[in-house]
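Heads up, the thing below is written out as structure tokens.
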Amino acid sequence: MRIVVPRGRTRPWAAYATAELPLHVIVDPCQGRCFVHTGPKNGDYVTRTRVDFGDDIDLTGTVADLTVSTSAFPRD
């Protein structure tokens, strides 16, 4: 999991997908949401899920196999 502030890159996760990282979670405090990417294929992720702060990130069924609460995530 990483916390980022996007700076104009249109596909910052592409390097992770190319390396076939099975799960990539982006936490964006500016937007108050997380982006969960799974299923890397051909330099992109097959599944992208948006999770608003306050909702749980359900990572069961992934390599992490857990649920993350975002209720305490701070917003910028």
Side-chain angles (χ1 to χ4, degrees):
M1 186 177 302
R2 68 186 176 115
I3 300 172
V4 298
V5 177
R7 293 199 168 96
R9 292 181 65 188
T10 57
R11 292 174 16 117
W13 60 86
Y16 298 104
T18 300
E20 297 189 3
L21 186 72
L23 171 65
H24 183 230
V25 179
I26 300 171
V27 178
D28 188 337
C30 294
Q31 293 186 34
R33 58 181 56 133
C34 302
F35 300 91
V36 180
H37 301 102
T38 58
K41 184 175 182 180
N42 298 324
D44 204 354
Y45 282 99
V46 175
T47 304
R48 294 184 191 93
T49 305
R50 186 182 85 187
V51 179
D52 293 325
F53 283 13
D55 295 336
D56 289 345
I57 302 173
D58 182 5
L59 300 175
T60 57
T62 70
V63 295
D65 197 31
L66 55 88
T67 301
V68 177
S69 172
T70 66
S71 61
F73 284 16
R75 287 196 63 153
D76 277 350

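Predicted model only: the values in this text are computed from it and were never measured.
- For residues 30-43, the set of pairs meeting the salt bridge (charged side-chain N to carboxylate O under 4.0 Å, His left out) definition, not counting sequence neighbours, comprises R33-D52.
- Minimum interatomic distance between P29 and P74 (heavy atoms only, all atoms of both residues): CB-O, 3.6 Å.
- Minimum heavy-atom separation, A17 to G43: CB-C, 3.6 Å.
- When the side-chain contact (heavy atoms from CB on, under 4.5 Å) test is applied to T67, the partners found at least two apart in sequence or on another chain are D56, D58, T60.
- Contacts classified as salt bridge (charged side-chain N to carboxylate O under 4.0 Å, His left out) and involving residues 61-75 (residues at least two apart or in different chains) are not found.
- A 4.5 Å side-chain heavy-atom check between H37 and I26 finds at least one atom pair inside the cut-off.
- Nearest approach of F35 to D28, heavy atoms of both residues: CE1-CB, 4.3 Å.
- Distance check, rounded to the nearest 0.5 Å: CZ of R50 to CD1 of I57 gives 13.0 Å.
- The ring-ring contact (aromatic ring centres under 6.0 Å, His included) search around F53 returns F73, not counting sequence neighbours.
- Summarising the geometry of P22 relative to P40, their closest heavy-atom pair is CA-CD, 3.9 Å, with the distance given to 0.1 Å.
- Residues passing the side-chain contact (heavy atoms from CB on, under 4.5 Å) test with L23 are V25, V36, T38, L59, T62, V63, A64, sequence neighbours excluded.
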